[in-house]
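Here the structure comes first, spelled out in structure tokens, and everything after it is commentary.
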Amino acid sequence: MPPQQVLNFKYAQPKVDIWAVAACLYNMLTGCFPRNFTGDPFLAVLQNEPIPIS
């Protein structure tokens with residue numbers, strides 16, 4: 001979930017859909033999630049940067 005959707009889900013733009021497609025592709029390629037989810041998932045979205053594919 002991108003930060004834009006967490007902060008203002010009612011007015012989410014098409015960028016949210018692009019993030020969802022990219023997150024699915026990331027998961028298919030790496031077998032991991034794009035963010036490190038430890039603790040509260042909403043704080044993880046707002047505070048953690050996506051993990052780059054290395």
Side-chain angles (χ1 to χ4, degrees):
M1 180 182 299
Q4 296 89 352
Q5 190 172 2
V6 173
L7 295 173
N8 198 0
F9 67 91
K10 187 175 180 181
Y11 300 105
Q13 299 291 319
K15 289 189 259 184
V16 173
D17 296 330
I18 294 170
W19 170 267
V21 170
C24 291
L25 180 62
Y26 183 100
N27 187 271
M28 287 189 291
L29 291 173
T30 65
C32 301
F33 295 113
R35 294 189 190 275
N36 186 9
F37 289 103
T38 54
D40 184 24
F42 291 110
L43 285 178
V45 169
L46 295 173
Q47 295 176 349
N48 297 344
E49 291 295 318
I51 303 168
I53 296 176
S54 50

inquiry  = Quick check: do V16 and F9 have side-chain heavy atoms less than 4.5 Å from each other?
reply    = no
query = How long is the gap from CD on Q4 to NZ on K15, to the nearest 0.5 Å?
reply = 5.5 Å
query = Which one of F33, Y26, W19 satisfies the side-chain contact (heavy atoms from CB on, under 4.5 Å) criterion with P50?
reply = W19
CD on E49 to CG on N36, rounded to 0.5 Å = 12.5 Å
inquiry  = Contact between L7 and L46 at the side-chain level, heavy atoms closer than 4.5 Å - yes or no?
reply    = yes
task = Please answer whether the main-chain N or O of R35 pairs with a side-chain N or O of N48 as donor and acceptor at a distance below 3.5 Å.
result = no
inquiry  = To the closest 0.5 Å, what do you measure between CD1 (I53) and CG (L25)?
reply    = 7.0 Å
query = Is the closest side-chain heavy-atom distance between V45 and F42 below 4.5 Å?
reply = no
